[in-house]
Every structure is written in C-alpha cells, then in structure tokens.
Novice: 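Next up is a structure, given as structure tokens.
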Amino acid sequence: MTDSRLLRGAVLTFDDDPGESPVPRPDSLRYWEDGAVWLENGHIHAVDDYTTLAPHVPAGLEIVDYRGKLIMPGFIDSHVHYSQLDIIASFGRELLDWLNDYTFPAECRFAERAHAEEVAERFLDELLRGGTTTAQVFCTSHPGSVDSIFSAARARRLRLLAGKVLMDRHAPEALIDTAVGGIRDSERLIADWHGKDRLAYSLTPRFAPTSSREQLDAVGGVLRNDASLYLQSHLSENRGELAWVAELFPECRDYLAVYERHGLVGPRSTYAHGIHLSANERARLAEAGANIAFSPTSNLFLGSGLFDRLATREAGVATSLASDVGAGTGLCGLTTLQGAYQVGALLGQPLTAWQGFYRLTLGNARALHLADCIGRLKAGHEADLVVLDLTATPLMARRTQVAETLGERLFALMMLGDDRSVHATWASGRPVHQRDASGTHAAPSRHMAHSST
Ligand code: GUN
Ligand code: FE
C-alpha cells in the first residue's frame, strides 16, 4: 500500500549555511511562496511550486492544504535529557547543586520501567508538539530507560539517537554503575537498537567527574571498534565543574584533555556547552571534528555563562543547537532560538533568523552526520516536517502583518514563537502532531479558582 500525500503551503529549506549576515548567502536556501511537498512512503518524492508539481501527481492523491502556513524540515535537538522532563523549571541552583538537588532524585525514578515508559511517551509528545522530529537523548543509567525511549520512538517511526548514562562515581548509589557493568549494558543496548529502523546509539558518559578513568577507557574501547557509534557528554559548562575536573584529573592539561586521553573525541562526538574553553581546546575540537551543542536556555537558566558562538565558529568547530531540557527551559526549537539570540545579543553577536533556522535543521543534521537523510526538504530525504503558523497569537499575527520581508517574518517567528506556532508535525511522511486536534489543548482556559503563593 502506498502512503502518499501532497502538502501545499509556503516552503522553506536550506541547502547550505547562509552565513552570519542579514542577507543570506546566495544559493543557501530555497523558498516557494505557493509551494508543495510530495510525500511518498515516508520519503520526500519532490518539492517545487504547487503549480509545477500539481499536474504530475496521480489523480486522487490527497492534498493537504497548508496555505497561509510555512513548511520547513522538522527541527533537530542535538542534546536533551528525557529523564529530566518533570524537573524542568526547578528553582535557584547552579549546575552541581541542581544535579544533586533535582536531577539525580528524578533520574532514580527510572529504575521503574513503567515510569520510564510513561515519561518516554510524554517526552516524545512534547518534542513533536514543538516541531522537533529528531533528538540526541540522554537516558539514565538504567538500561530500561533506553529500551523505553527507543521502543516509543520506533513505534512513532522517529529518527532518534540515545544512550544509557555511564557513571560509576560521585552520584547516588542507586544511579551508579561500574566500568565493566556499564559497558556490558551499553553493548547489549547497541546490539538491540543501533541501526534498527531510524535509531542510532550514542555512548553516554555523563561527564568527566562522574566516571572513573577505567570507565572512560572502556568507552573509548567500544568507540574504536565501531565508527558508526555516536558519543554524547558534557564539557566546560560551569566554573565549579571546571575546578572539580582539574582536581580529579591532575594529569590532564585541561578539561578536553580528559576526554582526549581516553579516545572520546571524534567526528560523531557531541559535547554539550563548551562555554569556558581555551583557544587551544577549540583548535583541538576542530581538528577532531567533534561538535559543541550550544544550549542557550540551559546556559541562561543555570547561569553557566555565555557561549561565544562566533569564536567557536571561527576556530572551525562544528556547533549544533540544543534545548538541554531539563536545565533548558523549553523543548520547542523556537524557544532555543530565542535563547540563542539573547546570548548572542549580550556578546554583540546577533543571530539572524536565517542562521538560526539553518542550525535547527540542516546545520544540526550535518553536525550529527545525518544530512544525507534529514534536515532538508529534498527528493529522497526522509519526510520529517514542521508546519508553522506565523499568526498563532494575536500579537504574532499583528507583527507578521506589518513585516515587509520574509527575513523579518522569520525573525518575528523566532523571537515570539513557541509550540503554539507549531500547527502540525509530520514524521516518516505521516502526521504525528496536530495543534488543533481534539484533546491536545482540551483544557479550557479559565481564571484560577484558587490562587495560592
Ligand atoms: N553535566 C552533567 N550532567 C548534566 C546534566 O544532566 N545537565 C547539564 N546541563 N549538565 C550536566
Ligand atoms: Fe545536558
């Protein structure tokens, strides 16, 4: 049975990095005001003007009318913790206290498989509600937490990367694994999930302070044996963390050297944050081809610091964009873009909408070595899309109305949008979220009957 549809609406997709200037580089993007995306069996069959494509579609093909909306490739989140969904917006701590006070207790609950399964489903609901169709996900140290998110993603036909957190010290007893046991569990999970359907495995040593040298060495050994595996971790996020790493690993010249020493820095490595890096560390990351996941709402929320995106870029380091929920304050890519703009504004590096939307889509796909299958609306690519409503609120409608150019409209979307702007999300050629579907926003908005402080 074929599964085909034609989506009609404005269409925007990037072919390359548009650069940092308010005028995008020539040939870096395509835009069709009255465009169409022809989906067939989970893939994109063609993208063009509606009037060009319409005569070629078979009679009876379902046409989904998204006129007045903007169709883009599904957003990608390069770093997020699904286990922290329920502690998003927890008050008043910097990184290390936040981990101890909120994160570790929340992660302990994932020992229970039913809890992991329930959170996995709600997490994917929230991702799709925000237009994100692919993410690289931290689970917890419980193997069942990984089975739960992979099986939920597989059932929804999503492309997803995930891995079991490895940590054999400096965490609650209930979350700690061992160098040998952590690798044994990871290898079982790799065998069960890596390369199955749209899933890939990302080895996940939490960060240097919570792994022994033996554990880091063992992870390096697994990576060396299979170049298709990913790695995700944290690097240089917070000053207290940096001091702790220097104390724990006196043999290493800097934070990055801890990971290098154990063979953990390569082209499929994603390091979240990288805020307090030296020029020398940046040069080494560039050489290795690793990517830094810029997580602006997390960095602002935890007060971790301002990521110097342009210095990182000039050093030749690949950067990706991430929510880092639960330290991040929203799963929607638009929320991440607002944070990225604000961090950039404080550094005199304003982020253009072109650069922002490029990063959320093709840029992140490239950083994750997935650009041959996602991140673009292009024939042959997997059909993951987001349908955006630039008039989702009265204020957005007003701002969009007076905007004179596409660049201005996109900037207003980036700064004012959130999951209300996500009209629909499609994955593998099927609708997986509809904003106005009955039940999704069922709760009527009433004034609060009881107010308490
Ligand atoms: N560093 C080590 N673990 C974490 C985590 O869960 N979140 C963030 N933001 N940083 C970390
Ligand atoms: Fe993180």
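We count ligands from 1, going down the list as the structure has it; atoms in each ligand are counted the same way. Heads up: numbering here begins at 1 and tracks the sequence. This structure is a prediction, so every number in the text was calculated from the model and none was measured.
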Novice: What atoms of ligand 1 come closer than 4.0 angstrom to any heavy atom of D324?
Specialist: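 Selected atoms, number and element: 8 (C), 9 (N).
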Novice: Check ring pair (Phe, Tyr, Trp, His ring centres under 6.0 Å) between F150 and all other residues, then give those that pass, not counting sequence neighbours.
Specialist: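 F150: ring pair (Phe, Tyr, Trp, His ring centres under 6.0 Å) contacts with W193.
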Novice: How far is atom 6 (O) of ligand 1 from its nearest protein heavy atom, and which residue and atom name does that atom have?
Specialist: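 The protein heavy atom lying closest is R206 NH2, 2.7 Å.
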Novice: Please check whether E107 reaches ligand 1 - meaning an N/O of the residue sits under 3.5 Å from an N/O of the ligand, judged on distance alone.
Specialist: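 No - when backbone and side-chain N and O of E107 are compared with those of ligand 1, no distance drops under 3.5 Å.
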Novice: So, 4.0 Å and heavy atoms of F138: is ligand 1 close enough to count as a contact?
Specialist: no
Novice: For H273 and F307, I'd like to know if the aromatic rings sit close, meaning centre-to-centre distance below 6.0 Å.
Specialist: no
Novice: Pick out which of D16, D17, T361 makes a side-chain hydrogen bond (donor to acceptor under 3.5 Å, both in side chains) with R366.
Specialist: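 Of the listed residues D16, D17, T361, the side-chain hydrogen bond (donor to acceptor under 3.5 Å, both in side chains) partner of R366 is D16.
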Novice: A quick test of your reading: do over 12 heavy atoms of other residues, nucleotides or ligands sit less than 6.0 Å from CD of E287?
Specialist: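 Not buried by this count: 12 neighbours or fewer within 6.0 Å.
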Novice: Is the distance from the ring center of H433 to that of W426 below 6.0 Å?
Specialist: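 No: the rings miss the under 6.0 Å criterion.
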Novice: Crowded around R109 CZ? As in, over 12 foreign heavy atoms under 6.0 Å?
Specialist: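 No, not enclosed.
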Novice: By number and element, which atoms of ligand 1 are closer than 4.0 Å to a non-hydrogen atom of H273?
Specialist: 9 (N)
Novice: Which residue from E237, M167, H79, Q84 reaches closest to atom 8 (C) of ligand 1 through any of its heavy atoms?
Specialist: E237
Novice: Using a 4.0 Å cut-off to any heavy atom of H81, which atoms of ligand 1 qualify?
Specialist: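 Within the 4.0 Å cut-off of H81, ligand 1 contributes 5 (C), 6 (O), 7 (N).
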Novice: Is the Y82-F110 ring centre distance short of 6.0 angstrom?
Specialist: yes
Novice: Among residues at least two apart in sequence or on other chains, which ones pass salt bridge (charged side-chain N to carboxylate O under 4.0 Å, His left out) with R213?
Specialist: E251
Novice: Assess whether a salt bridge exists between R376 and D15, defined as any Lys/Arg side-chain N lying under 4.0 Å from an Asp/Glu carboxylate O.
Specialist: yes
Novice: Using the ring-ring contact (aromatic ring centres under 6.0 Å, His included) definition, which of the options Y271, Y255, F138 pairs with H234?
Specialist: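 So the option named by the test is F138.
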Novice: Can you confirm, on distance only, whether ligand 1 has an N/O atom lying under 3.5 Å from any N/O atom belonging to T103?
Specialist: no
Novice: Could you tell me whether T210 approaches ligand 1 through its side chain, its backbone, both or neither, with non-hydrogen atoms closer than 4.0 Å?
Specialist: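 Contact part for T210 vs ligand 1: neither.
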Novice: Under 2.8 Å from the Fe ion (ligand 2), how many protein N, O or S atoms can be found?
Specialist: 4
Novice: Using salt bridge (charged side-chain N to carboxylate O under 4.0 Å, His left out) as the criterion, list what pairs up with E20, not counting sequence neighbours.
Specialist: R309, R313
Novice: At a non-hydrogen distance cut-off of under 4.0 Å, which region of F301 contacts ligand 1 (side chain, backbone, both, or neither)?
Specialist: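 Under 4.0 Å from ligand 1, F301 contributes no heavy atoms.
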